[in-house]
Each structure stands twice: as C-alpha cells, then as structure tokens.
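None of these values were measured; they are calculated from a predicted model. Order of the sequence lines sets the chain letters (A, B, ...), proteins ahead of strands, with each chain counted from 1.
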Number of protein chains: 2
Amino acid sequence: MEKQAKGAGEGRAGEETRAALVAQALILFGAKGYEATSTREIAAAAGTNIASIAYHFGGKEGLRVACAELVAQRLMAVAGKAVLMADPGGDPARALAMVEMAASAFVGFLLGQPQARDIAIFVVRELSRPGTVFETIYPTAFEPMHRKLCALLGLAAGCDPESDDIRLGAFTLIGQAIYFRIGYFIVMRRMEWEEIGPPEIEAVRATIIGNIRAFVAARRGREQ
Amino acid sequence: MEKQAKGAGEGRAGEETRAALVAQALILFGAKGYEATSTREIAAAAGTNIASIAYHFGGKEGLRVACAELVAQRLMAVAGKAVLMADPGGDPARALAMVEMAASAFVGFLLGQPQARDIAIFVVRELSRPGTVFETIYPTAFEPMHRKLCALLGLAAGCDPESDDIRLGAFTLIGQAIYFRIGYFIVMRRMEWEEIGPPEIEAVRATIIGNIRAFVAARRGREQ
DNA sequence: GTCTATAAACAGATAGAC
DNA sequence: GTCTATCTGTTTATAGAC
C-alpha cells in the first residue's frame with residue numbers, strides 16, 4: 001500500500017524485482033532453511049507479492065536454482081581471481097603464503113557480516129545433499145577451487161597434489177573453517193564471546209593458519 | 001489393517017510406540033531436516049498413526065525435544081565413558097593417544113552406518129542454531145566433551161587447556177571431522193569414491209590423526 | 001493406547017484485473 | 001510487470017469411537 005507506487009508505465013524493467021527476490025531468498029534460505037521459508041515471507045521481504053515468484057522463476061524451486069546460480073557466479077568472481085589465478089611459480093614458500101591468504105579471506109567471509117554468513121550457510125546446506133543446486137555449484141565453483149587448493153598444498157608440502165593425502169587434507173582445511181560458521185553459536189558460547197567481530201575473527205584466523213603451517217611442516221619434514 | 005493387531009487388552013505399554021516414534025523421527029529429521037519431515041511420514045515409519053505423536057509428545061515440537069534428549073543421553077552413555085573418564089595421569093604421550101582414539105571413534109561414528117550418520121546430522125543441524133534442542137545438548141553433552149578434549153590437548157601440547165589457542169584448536173579438530181559428514185557427497189565426488197566403507201573411513205582417520213599430531217607437535221616444538 | 005475422521009491453518013500455484 | 005483474490009493440496013492438531 002505504501003511500499004510500491006509503481007504505475008503501469010513505470011518503464012524500468014522487472015529486473016529489480018527479480019534481483020530483490022533472489023537476494024532476499026538467499027538470506028532467508030540461509031537463515032531458516034529452504035523448506036522452512038515460505039514464498040509469502042520472501043515476497044514480503046523483497047517488497048513484492050507471491051505471484052511474482054511464479055512469474056520470474058516459475059515457482060519456489062526455480063528461485064532456489066536462481067540463488068544457486070547467483071552464488072556460483074559470485075564465488076567465481078571473488079575467488080576465481082583470488083584463488084584460481086594464483087600462480088606460485090613453482091615456489092613452495094609462495095604456494096604456502098597463497099594458501100594462507102585464501103584461508104584468511106575465507107574465514108573473513110564466513111564470519112563477516114551477517115548477510116555473508118547467511119549466504120555461506122545456504123551453500124553449505126545445499127552442498128550437503130545431491131540435487132540441482134549441488135550440480136550447479138559443485139562443478140563450476142567447488143571442484144576447481146578444491147583442485148587449485150590441492151595444487152598449492154601439494155607444492156607447498158612437496159607432495160603429489162592429487163594424492164589421497166593432499167585431497168583429504170584440503171578437505172580438513174576447508175572443514176575446520178566452515179565449522180566456525182556451522183557451529184557459530186557453539187563457538188560463541190564456549191569461547192564466552194558476545195559477538196564475533198574483528199578480534200574474534202583474527203583469533204580464528206590465527207589458529208587455522210597455524211594448522212595449515214603444521215600440516216605443511218609435517219609433510220615437508222618427512223620424505224621427498 | 002495388517003500391521004497392528006493389538007487389541008485393547010494387549011497389556012504391553014505404549015512405551016514401544018513411543019520409542020519407535022523417536023527412533024524414526026531421529027532418522028528422518030536427520031535425513032531430510034525437521035521442517036521437511038511430516039508427522040505423517042514419521043508415524044508411518046514407526047508403524048503407527050499421526051494422533052499418537054500428539055498423545056505421546058504433545059506435538060511435533062515435543063517429538064523434536066524427545067529426540068534431543070535421547071541423543072544427549074546416548075552421547076553421554078557412549079562418549080561419557082570413553083572420553084570424559086579418560087585419565088592420562090599427567091602423561092602427555094598418553095593424552096595424545098587418547099585424543100587420537102577419541103578422534104578415531106568419532107570419525108567411525110560420523111561415517112559409519114547410515115543410521116548413525118543421520119543421527120549425527122540431526123545433532124549438527126540442531127546445534128547450528130539456538131533453541132530448545134541446543135540448550136538440551138550443549139550443556140549436558142557438548143560442553144563437557146569439548147572441555148575434556150581441551151584438557152587432553154593442553155596436556156599433550158604442553159599448553160594451558162583453557163587458552164584461546166587450545167579451545168579454538170579443539171574446534172578445528174572437531175570441525176574437520178564433522179566436515180566429512182556435512183560434505184559427504186562433495187567428498188565422495190571429489191575422491192571418486194563409490195561409497196564410504198572401511199577403507200575410506202581409514203583414509204579419513206589417517207589424515208585427521210596426522211593433523212592432530214601436527215597440531216600437538218607445532219606447540220611442543222615452540223616454547224614452554 | 002490406538003485408531004479414523006475431521007478441523008483449522010498454511011503451503012505453493014494460478015486466474016485475471018490493471 | 002505487478003497485483004489481489006482464490007484454488008488445491010498438505011500440514012499439524014484434535015475429537016471421539018473403540
């Protein structure tokens with residue numbers, strides 16, 4: 001009644017409404033889960049009506065897919081340049097530094113502003129089960145990044161980048177970072193933190209980077 | 001019509017129905033999520049009717065709480081003896097061995113039989129947001145276990161067990177294990193595994209135990 | 001305690017005016 | 001493209017027979 005005063009001859013396309021719907025859906029899906037979020041809720045948050053979801057996306061499921069596409073695109077835009085194009089030039093020390101930088105950025109994203117956190121949890125939820133969204137995000141974003149991480153780790157540690165050891169090790173690195181988002185409230189309670197701000201993020205970062213160095217050091221010290 | 005032939009004078013109490021409902025709800029909540037699971041589904045899986053959920057638990061939410069209580073109880077029964085009562089007797093080497101044993105058991109549980117995996121994911125989901133279930137499981141099961149893990153890690157590494165470093169380090173250890181459950185399908189895809197059986201579990205176990213040793217070694221080698 | 005039948009609320013999808 | 005009003009199916013919860 002007061003929110004939208006757009007007449008029929010508005011001119012500006014419905015691209016804005018579409019974008020608002022995806023943006024709000026992403027936040028709500030992340031915060032409450034896909035099933036627990038109603039289309040009415042999303043429409044209200046986006047300042048539009050329920051019917052517009054069917055119009056723009058064909059239905060709730062289409063909106064979910066649109067969220068996945070947006071996320072995959074953003075992930076590639078951000079990490080694609082920072083991670084995928086990283087070139088250590090065959091130098092183990094530089095490779096290690098690049099892994100540390102990537103981990104640092106990842107932790108900052110996971111624990112940063114609430115909106116980023118909700119997007120992160122949307123991705124985690126969707127990647128935890130097979131489906132359309134999994135098939136959208138895994139091949140275009142996750143797999144290339146994990147492969148690159150393995151390349152850097154392998155170079156840094158002096159191991160075959162595609163060995164079971166390095167591939168699984170890369171998962172343990174990702175996992176410990178993601179846990180701080182999954183277990184957000186557990187961590188806050190146990191650490192007796194009121195909120196997770198810059199100093200807290202820094203503490204998490206330091207611990208994870210310590211683990212990365214220990215991981216690499218343990219392998220460097222062995223054979224090869 | 002054919003499933004239940006219990007007359008009025010059956011004698012055996014409804015404790016069985018109650019237990020079946022909790023058991024099936026736990027599996028379904030874990031597999032599909034709380035919101036995505038209908039009470040009809042649960043009742044059918046438990047071989048009873050919808051009304052019995054209201055009778056035994058007051059409603060769907062009561063069933064969720066009952067699941068939490070069962071999980072908290074089982075966690076304490078299993079891990080309570082294996083972990084909480086572990087006494088390294090002040091020996092760092094024994095403390096490290098105990099952490100490794102606990103991690104090994106934890107990974108086995110997380111990746112073991114499907115039923116155990118579903119229970120694990122129920123716990124992870126519920127602990128990821130504040131609520132009644134969080135308040136049930138966190139203080140009675142999670143907090144004591146994390147504290148004990150910190151004690152063992154601190155002793156093994158020669159650090160203050162309640163320092164930020166050790167407490168956060170304990171989270172990174174838990175996180176990397178849990179990731180293999182959260183990211184089950186990602187791992188399978190990337191590792192090109194058809195299923196996660198004993199040899200795959202062993203590989204994950206080896207990587208995580210390697211990380212634990214690296215974590216401890218990095219701190220032992222420093223000061224103190 | 002267990003069940004069927006049903007009530008009341010809510011979901012996602014759609015028709016049609018503008 | 002946007003909206004209101006409505007359709008259709010499903011949800012949880014409940015009443016009441018047995």
Side-chain angles (χ1 to χ4, degrees), chain A residues 1-29 31-68 126 131-133, chain B residues 1-26 28-29 31-68 131-133:
Chain A
M1 278 298 171
E2 52 159 58
K3 219 165 204 170
Q4 302 275 94
K6 296 180 185 174
E10 178 69 24
R12 215 203 301 88
E15 202 53 38
E16 260 181 33
T17 303
R18 198 193 138 92
L21 280 170
V22 177
Q24 294 303 317
L26 203 42
I27 293 172
L28 287 166
F29 287 162
K32 314 180 41 173
Y34 176 79
E35 289 88 358
T37 305
S38 71
T39 51
R40 283 170 167 79
E41 231 176 326
I42 299 165
T48 182
N49 57 85
I50 330 167
S52 67
I53 291 175
Y55 178 80
H56 285 286
F57 307 98
K60 192 185 183 184
E61 188 62 28
L63 185 48
R64 178 190 219 160
V65 173
C67 287
E126 294 291 342
T132 314
V133 177
Chain B
M1 277 300 170
E2 53 159 56
K3 217 167 208 171
Q4 301 277 94
K6 295 179 184 175
E10 177 69 21
R12 215 203 301 85
E15 201 54 37
E16 259 181 33
T17 303
R18 199 194 137 92
L21 280 170
V22 177
Q24 295 302 318
L26 203 42
L28 287 166
F29 288 163
K32 315 180 39 173
Y34 176 79
E35 289 87 358
T37 306
S38 72
T39 51
R40 282 172 166 76
E41 231 177 326
I42 300 166
T48 182
N49 57 84
I50 331 166
S52 67
I53 291 175
Y55 177 80
H56 286 285
F57 307 98
K60 192 184 182 184
E61 188 62 28
L63 183 50
R64 176 191 220 159
V65 173
C67 287
T132 315
V133 177

Which heavy atom of [X] sits nearest to which heavy atom of [Y], and what is that distance?
X	Y	result
A:L28	A:T37	O-OG1, 3.3 Å
A:V22	A:C67	O-SG, 3.8 Å
B:A68	B:V133	CB-CG1, 3.4 Å
B:Y34	B:K60	O-NZ, 3.1 Å
B:G14	B:H56	O-CE1, 3.5 Å
A:L21	A:A46	CD2-CB, 3.7 Å

- Determine whether B:F57 and B:V65 make a side-chain contact, defined as any pair of heavy atoms from C-beta on separated by less than 4.5 Å.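 B:F57 does not reach B:V65 side chain to side chain.
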- Would you mind reporting whether A:Y55 and A:R18 have side-chain heavy atoms less than 4.5 Å apart? no
Distance, rounded to the nearest Å, where [X] contributes [atom1] and [N] contributes [atom2]:
X	N	atom1	atom2	value
A:E15	D:dT2	CD	C1'	15 Å
B:E35	C:dG12	CD	C1'	17 Å
A:I42	C:dG12	CD1	P	7 Å
A:R40	C:dA9	CZ	P	14 Å
B:I53	D:dT11	CD1	C1'	12 Å
A:N49	D:dG1	CG	P	14 Å

- What is the nucleic acid contact for B:S52, judged by heavy atoms within less than 4.0 Å: base, sugar-phosphate only, or nothing?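 Answer is nothing: B:S52 stays at 4.0 Å or more from every strand.
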- Quick one: bend of the helix from C:dG1-D:dC18 to C:dC18-D:dG1 from 5 pairs per end, to 10°?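 If I round to tens, the end axes sit 0° apart.
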Considering only [options], which nucleotide approaches the side chain of [X] most closely?
X	options	value
B:S38	C:dT4, D:dT11, C:dA15	D:dT11
A:A51	D:dT2, C:dC3, C:dA15	C:dA15
B:A54	D:dT2, D:dT6, D:dT14	D:dT14
A:I50	C:dT2, C:dA13, D:dC3	C:dA13
B:Y55	C:dC3, C:dG1, D:dT11	C:dG1

- Message: Would you say A:T48 places a side-chain N or O within less than 4.0 Å of OP1 or OP2 belonging to D:dC3?
- Response: yes
- Message: Quick check on contacts: within residues 57-64 of chain A, what sits under 4.0 Å from DNA chain C by heavy-atom distance?
- Response: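 Of all residues in residues 57-64 of chain A, the ones placing a heavy atom under 4.0 Å from DNA chain C are A:G59, A:K60.
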- Hey, mind stepping through A:E41 and A:K32 against salt bridge (Lys or Arg N to Asp or Glu O under 4.0 Å) and telling me if it holds? CA-CA 11 Å; A:E41 231 176 326; A:K32 314 180 41 173; 2.6 Å; yes
